[in-house]
Protein chains: 2
Amino acid sequence: MAKSTTPNKAAAVRQRGVTMNDVAKHAGVSRTAVSFVLSNRENASISEETRTRINDAVQALGYRPNAGARALASQRSDWYGLVTEIVTAPFAVDIIKGAQDQAWLDRRFLLIAPSDQADAVGPNKGLEDAAIEKLLEQRVEGLLYAATFHRGVHVPQSANEVPTVLINCFDADGKLPSIVPDERAGGRVAVERLLQAGHTRIGIINLDPVIPAAVGRLEGAREALAVAGLELDPELVVSGYATADGGYEAACRILDRYPQQDRPTALFCLNDRMAMGAYDAIKERGLTIPGDIAVIGFDNQELIAAYLRPKLTTVALPFQKMGALGVQTLAALTAGQPIIADQQLVDCPLLERSSV
Amino acid sequence: MAKSTTPNKAAAVRQRGVTMNDVAKHAGVSRTAVSFVLSNRENASISEETRTRINDAVQALGYRPNAGARALASQRSDWYGLVTEIVTAPFAVDIIKGAQDQAWLDRRFLLIAPSDQADAVGPNKGLEDAAIEKLLEQRVEGLLYAATFHRGVHVPQSANEVPTVLINCFDADGKLPSIVPDERAGGRVAVERLLQAGHTRIGIINLDPVIPAAVGRLEGAREALAVAGLELDPELVVSGYATADGGYEAACRILDRYPQQDRPTALFCLNDRMAMGAYDAIKERGLTIPGDIAVIGFDNQELIAAYLRPKLTTVALPFQKMGALGVQTLAALTAGQPIIADQQLVDCPLLERSSV
DNA sequence: GGAATTTGATAACGCGCGTTACTTGGAACG
DNA sequence: CGTTCCAAGTAACGCGCGTTATCAAATTCC
């Protein structure tokens, strides 16, 4: 038998699905009437009787509107695109959740496409442009662009064709609106918490000092100290790799540098992974948390913070809220409404656990 | 000014976008010719010259095909739906990544919709059905249904309208094909590794004994021991809550139960969080890892396993591979091809780090 | 009681594209 | 030279639905 004479059975059998026309026939009315009822236009004049007849027919036939056809006819798609390296590196996956939930509430769909901004010179160079291109082919009404960690990014040109909002990053060369965490306020609230617990000698385990997170959090710490009439002692700030090992090593340095009476009584670790390492350094020296040394982290990586012993008090990055706010901002933009500000700062709440 | 007289400016200005007709005019050919060239049909007879003229016009005008219209006309959508509570609880987010990557390779889009199987009697009851309904309205060609942890699930009826594949879960009442981790092989390889390192007294920190993960992993452990001529000593198996605290508590019990010479020299923790707690119990007793006690985990939760000190040797749950395999299986189903098996077991590889 | 208005509904067009059937000019053939 | 055939391309229909104009009957108004 030749190939062409045996078309794929499954595909051939697949029934057409019931359309508006079927509903119309079943109800004995025109398709227009059905359309009017289903999209319940206020100024359509359909008698209550035929209206229920139509609704009954919809039920009886199990009619399901065809979103694609609707989009084509109405020239609106109800879709947003989300371009993100989060798919690649699920560190900040809560951004997806926040955006997804909000989109669902707004009865919109999120088309998620992979990015690779992180290694824009690597083998995947161009993936991102292709992704945006694909999203535009789907006629998304707007774009969200999310990064795994707070930084400046370069968004491809093609993103300019529809409203675009950046999440957890900011436009390094343009004016695209963005949603970012308020790192400074976060640093402030962390140190305020330590001060409130009576600590005045606070060691700070810093990240790479040039990234926005480090700059902001350190500045916040400085502010909190200033309010208490204290100054930030540069000697008490040590940097390390943003890992548990880095935190361990940095904590060792700072703990061993001073005689006991001068030793800091609290450590502000600029991320939770480093706090995890600091825990080991502290415990190794026979010191207790928070009795001898209080520890406060940043990021609220649940898997770490909630499972360290004692559980880690930390400042949360508001990923979900940023995701939701991104969708809301995009909704405003696509509706032609003005947005509040080019850069929206989202609060980083303190999560009290047991390490302070 | 009345509202109706000032229609939304942004919406009004939004240009129509260039269509195939525009390309055709620009190239001086019919729209059909353009369609033939763009979907490069083999049996279309278009001269090389007009072909390039059309391609040039596409470039010049920046034409971008309308995926929705194409789907409508061709009756195929290139879309899969992914229903998952993972969006709600990002524990196994790598399933999304695996599926997403594979879908991207296959030039398909993943429409992700939230589920809430986990609290099907809670306030969100019905969310899942609504989600599937929405996906079907988008005319997805198939459905993926993913769970955060390996278990039996009940998939809504409506999922039967298109090919459906379950990931990290199995159909409790039907015959839907599923992709699940090979827990038993995982348990086996973990204990084999410990045996190979010379341990014969192995403590097992168990999960809730009724869940598939516990059943399978324990069975695998039993098999590995049997091969070595050993039996599983029920006294060496203790259960606890699947948390760090639960692991700590269980480890304490098992470590304190025996005099030193009878104490197990290795612990197989059935998940990484419990291993995290076990670490604390071990260190607290002045014992070293892996010198005095070797520890092996399960799940490979990166944030824990890669950052514990020493880094945790563990068995990985193949989330990404399961996601990819789900998409591949769905592709086979929608193409009408037979699938390999109703239930595909995916290998759980051992990740060597430093705790054995 | 005829004109104007309202109510209830429909015919018909277009959204952007895939696809089938058909047309045309020229080359090959006998 | 008439016929056949093929390369090259096009007209036209339909996918499922939103929307605008239009229409007939029922009601109101003067």
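Because the structure is predicted, anything quoted here is derived from the model rather than measured. Residue numbering restarts at 1 for every chain, and letters A, B, ... go by the order of the sequence lines.
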Novice: C/dT10, OP1 or OP2 - any side-chain N/O from A/Ser30 closer than 4.0 Å?
Specialist: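 Yes, such a contact exists.
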Novice: For the residue pair B/Asn55 / B/Gln59, report whether a side-chain donor-acceptor contact shorter than 3.5 Å exists.
Specialist: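 Their side chains do not contain a donor-acceptor pair, so the 3.5 Å distance test is not met.
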Novice: So which nucleotide from D/dG9, C/dT19, D/dC15 ends up closest to the side chain of B/Thr32?
Specialist: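 Output: C/dT19.
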Novice: To the nearest Å, give me how far apart NZ (B/Lys25) and P (D/dA11) are.
Specialist: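 Going from B/Lys25 (NZ) to D/dA11 (P), I get 13 Å.
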Novice: Would A/Gln344 and A/Ser178 count as a side-chain hydrogen bond (donor to acceptor under 3.5 Å, both in side chains) if you check the C-alpha gap in whole Å, the side-chain angles of each, and the deciding distance to 0.1 Å?
Specialist: CA-CA 6 Å; A/Gln344 294 180 66; A/Ser178 62; over 6 Å; no
Novice: Salt bridge between A/Asp171 and A/Lys175, side-chain N to carboxylate O under 4.0 Å?
Specialist: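 Not counted as a salt bridge, because no side-chain N and carboxylate O are separated by less than 4.0 Å.
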Novice: Side chain of A/Asn66: nearest nucleotide among D/dC17, C/dC17, D/dG18?
Specialist: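 Among the listed nucleotides, the one closest to the side chain of A/Asn66 is D/dC17.
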Novice: Go nucleotide by nucleotide along DNA chain D from the 5' end; which of A/Ser39 and B/Ala69 gets its closest nucleotide reached first?
Specialist: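 Looking at DNA chain D, the more 5' nearest nucleotide goes with B/Ala69.
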Novice: Using a heavy-atom cut-off of under 4.0 Å over every strand shown, decide if B/Ile46 touches base, sugar-phosphate, or nothing.
Specialist: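 Counting heavy atoms under 4.0 Å across all strands, the contact made by B/Ile46 is with sugar-phosphate only.
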Novice: Protein within reach of the bases, or only the backbone? For nucleotides 22-28 of chain D, mark each nucleotide 5' to 3' as B, S or -, using heavy atoms under 4.0 Å.
Specialist: -------
Novice: Does a side-chain N or O of A/Ser47 approach OP1 or OP2 of C/dA9 to a distance below 4.0 Å, or not?
Specialist: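 Yes, such a contact exists.
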Novice: Expressed as a whole number of angstroms, how long is the span from B/Leu72:CG to C/dG18:P?
Specialist: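 It is 11 Å, rounded to the nearest whole Å.
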Novice: Are OP1 or OP2 of C/dA9 and a side-chain N or O of A/Thr50 less than 4.0 angstrom apart?
Specialist: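 Checking A/Thr50 against C/dA9: at least one side-chain N or O falls below 4.0 Å of OP1 or OP2.
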Novice: Using whole Å, what does the distance between atom P of nucleotide D/dG9 and atom CD of B/Glu49 come to?
Specialist: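 These atoms are roughly 8 Å apart.
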Novice: In whole Å, I'd like the distance from the CG atom of B/Asp22 to the C1' atom of C/dC17.
Specialist: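 Those two atoms, CG and C1', are 13 Å apart.
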Novice: Quick one: do A/Glu161 and B/Arg64 make a salt bridge, cutoff under 4.0 Å?
Specialist: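 Salt bridge flag = yes for B/Arg64 with A/Glu161.
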Novice: Rounded to whole angstroms, how far apart are CG on A/Asp78 and P on D/dG18?
Specialist: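 Result: 11 Å.
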Novice: Quick check against the 3.5 Å criterion: does B/Thr334 have a side-chain atom that pairs as donor or acceptor with the backbone of B/Leu330?
Specialist: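 Yes, because the side chain of B/Thr334 sits within donor-acceptor range (under 3.5 Å) of the backbone of B/Leu330.
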Novice: Ignoring backbone atoms, test whether B/Arg70 places a side-chain nitrogen or oxygen under 4.0 Å from the OP1 or OP2 oxygen of C/dG18.
Specialist: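 Yes, B/Arg70 has a side-chain N/O under 4.0 Å of OP1/OP2 on C/dG18.
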Novice: Is it true that a side-chain atom of B/Arg139 and a backbone atom of B/Leu136 form a donor plus acceptor pair closer than 3.5 Å?
Specialist: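 Such a contact is found between B/Arg139 side chain and B/Leu136 backbone.
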Novice: For a quick test of reading the model, state the closest non-hydrogen atom pair linking A/Ala99 to A/Val327 and the distance between them.
Specialist: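 Closest pair (atom of A/Ala99, atom of A/Val327, distance): O-CG2, 3.5 Å.
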Novice: By the 4.0 Å heavy-atom rule, please label A/Ser45 as base, sugar-phosphate, or nothing.
Specialist: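 If one applies the 4.0 Å heavy-atom cut-off, A/Ser45 turns out to touch a base.
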Novice: Kindly point out which of C/dT7, D/dG14, D/dG9 is positioned nearest to the side chain of B/Ala73?
Specialist: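 Nucleotide nearest to B/Ala73's side chain: D/dG14.
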Novice: So which nucleotide from D/dT10, D/dA12, D/dG16 ends up closest to the side chain of B/Arg31?
Specialist: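 Closest of the options to the side chain of B/Arg31: D/dA12.
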Novice: Would you indicate which nucleotide in C/dG18, C/dT19, D/dT19 comes nearest to any side-chain atom of A/Phe36?
Specialist: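 The listed nucleotide nearest to A/Phe36's side chain is D/dT19.
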Novice: Is A/Arg41 near enough to D/dT19 that one of its side-chain N or O atoms lies under 4.0 angstrom from OP1 or OP2?
Specialist: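 Checking A/Arg41 against D/dT19: at least one side-chain N or O falls below 4.0 Å of OP1 or OP2.
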Novice: Tell me whether B/Glu141 is salt-bridged to B/Arg108, with the criterion being a basic N under 4.0 Å from an acidic carboxylate O.
Specialist: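 Here B/Glu141 pairs with B/Arg108 in a salt bridge, since their nearest N and O are under 4.0 Å apart.
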Novice: Quick check on DNA chain D: between A/Ser74 and B/Val29, whose nearest nucleotide comes earlier from the 5' end?
Specialist: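 By nearest-heavy-atom nucleotide position, the 5'-most residue is B/Val29.
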Novice: Tell me: CG of A/Asn40 to P of D/dG18, nearest whole Å?
Specialist: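 Distance check: A/Asn40 CG to D/dG18 P gives 11 Å.
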Novice: Quick check: on DNA chain C, is the nucleotide nearest A/Gly28 upstream (toward 5') of the one nearest B/Asn21, or the reverse? Name the residue that is more 5'.
Specialist: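 Its nearest nucleotide lies further toward 5', so the answer is A/Gly28.
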Novice: Nearest-Å distance, CZ (B/Arg51) to P (D/dA8)?
Specialist: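 From B/Arg51 CZ to D/dA8 P: 10 Å.
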Novice: With a 4.0 Å cut-off on heavy atoms, is B/Ser35 in touch with a base, just the backbone sugar-phosphate, or nothing at all?
Specialist: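 Base contact.
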Novice: Base, sugar-phosphate alone, or nothing: which one does A/Val34 contact when heavy atoms must sit under 4.0 Å apart?
Specialist: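 Since no nucleic acid heavy atom lies under 4.0 Å of A/Val34, the category is nothing.
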Novice: Tell me: CE of B/Met20 to C1' of C/dG14, nearest whole Å?
Specialist: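 So the CE-C1' distance, B/Met20 to C/dG14, works out to 17 Å.
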Novice: Picking from A/Leu166, A/Thr164, A/Leu176, A/Val155, what satisfies side-chain contact (heavy atoms from CB on, under 4.5 Å) with A/Leu143?
Specialist: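 Option passing the side-chain contact (heavy atoms from CB on, under 4.5 Å) with A/Leu143: A/Thr164.
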Novice: So if I take every side-chain heavy atom of B/Gln75 and compare against D/dA8, D/dC15, D/dC17, which nucleotide ends up nearest?
Specialist: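 Comparing D/dA8, D/dC15, D/dC17 against the side chain of B/Gln75, the answer is D/dC15.
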